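Notes follow the structure.
Side-chain atoms are counted along with the backbone in the values below, which use heavy atoms only and exclude waters and symmetry mates. Every chain is numbered from 1 and lettered A, B, ... according to where its sequence line falls, protein lines coming before strand lines. Computed from a predicted structure; not experimentally measured.
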Protein chains: 2
Amino acid sequence: MYKISDAARRAALTVKTVRYYADIGLVKPAGRSAAGYRLYAESDIAKLGFIGRARRYSFSIEQCRDLLSLYEDDQRPSAEVKRITLEKIAEIDRKLGELQELRDELRHLAGNCHGDSRPDCPIIGNLASGLTVQ
Amino acid sequence: MYKISDAARRAALTVKTVRYYADIGLVKPAGRSAAGYRLYAESDIAKLGFIGRARRYSFSIEQCRDLLSLYEDDQRPSAEVKRITLEKIAEIDRKLGELQELRDELRHLAGNCHGDSRPDCPIIGNLASGLTVQ
DNA sequence: ATCTAACCTTCTTTTTACAGGAAGGTTAGG
DNA sequence: CCTAACCTTCCTGTAAAAAGAAGGTTAGAT
């Protein structure tokens, strides 16, 4: 059984984060010491690591909660896991499209800005007038 | 002079958002009616629209505050505006790279998942073991 | 004149996923 | 026995609003 800082280190999370996950009931410690310290078992650390990776894949806490229940369920249907993952991919694709548009617009604006100390700036002008770029 | 809902509509923002911008001192209404209603002038609406567009370009509120002061300043040096914009572009590029990596990893995982009711799922397996996806 | 719907106000709470810090108890080593 | 490094709970703060409660105002229709 590991105290919180060992558990955090082994799961590559911060102590604050691990304590937070305990508070919201995502990963509760296996037990407590006589002094009230959280004690984590190996299986808890595996769950924390699982969540850490899923979070890095930008799954939300609630999605992690769903994935974790599938992870803990021996009877888990992979269809459900695949569905959640495909949803996440679609979400990322949408965000990618938006960001690319945004970047291209800003590039265009910056490309037309002489960047000296003259007071007329096409970036400001565009924002002020709401003209469509391009 | 426009009441808040007219101002919001004309700037393509919500009433809540306009009131919020007034609260944080970003765009204060030109005046108040006898009953205490916020009253916005044309120039206020131009500023609100300016901020709305900048926000859609993912400038933070604080960056908007900076841009607005440049916008309001006849002596504004466009170099400063260009610098902020280029910074924003670099930031978006970083985020794009991260998101593409992430999506490719998830695609790989989903591609290897049979997606039926069998309990062995490579997505779960990957998250559980922390194996690197290539 | 009154009714009612649609406004408006301020204030408080909620959201996401923690981070930071205060005040105080515990433990391990020298 | 001292001290440093742990640990605890509780409170506040973050970004940028959204949502809702409780109540005042206004404009048009009856």
Between Tyr21(A) and Ala35(A), which is nearer to the 5' end of DNA chain C once each is assigned its nearest nucleotide? Tyr21(A)
Please tell me if the side chains of [X] and [Y] come closer than 4.5 Å, counting only heavy atoms from C-beta onward.
X	Y	value
Phe59(B)	Ile51(B)	no
Leu39(B)	Arg32(B)	no
Ile4(B)	Tyr37(B)	no
Phe50(B)	Leu67(B)	yes

What's the [atom1]-[atom2] distance between [X] and [N], to the nearest Å?
X	N	atom1	atom2	result
Tyr40(B)	dC8(C)	OH	C1'	12 Å
Met1(A)	dC7(D)	CE	P	15 Å
Tyr20(A)	dG13(D)	OH	C1'	14 Å
Asp23(B)	dA15(D)	CG	P	16 Å
Ile4(B)	dT26(D)	CD1	P	16 Å
Lys16(A)	dC18(C)	NZ	C1'	9 Å
Asp6(B)	dA27(D)	CG	C1'	13 Å
Leu48(A)	dC18(C)	CG	P	12 Å

Would you please confirm or rule out a distance under 4.0 Å between OP1 or OP2 of dA16(D) and any side-chain N or O of Thr17(B)?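 Looking at the OP1 and OP2 atoms of dA16(D), neither is under 4.0 Å from any side-chain N or O of Thr17(B).
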Contact under 4.0 Å: Arg32(B) side-chain N or O vs dT10(C) OP1/OP2: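 Yes, Arg32(B) has a side-chain N/O under 4.0 Å of OP1/OP2 on dT10(C).
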With nearest nucleotide decided by heavy atoms, which residue, Glu62(B) or Tyr37(B), maps closer to the 5′ end of DNA chain D? Glu62(B)
Under 4.0 Å, heavy atoms only, any strand: does [X] hit a base, just the sugar-phosphate, or nothing?
X	answer
Arg55(B)	sugar-phosphate
Ser5(A)	sugar-phosphate
Thr14(B)	sugar-phosphate
Arg38(B)	sugar-phosphate
Ile24(B)	nothing

Verify, without hydrogens or angle tests, whether Arg83(A) (side chain) and Glu87(A) (backbone) share a donor-acceptor contact under 3.5 angstrom. no
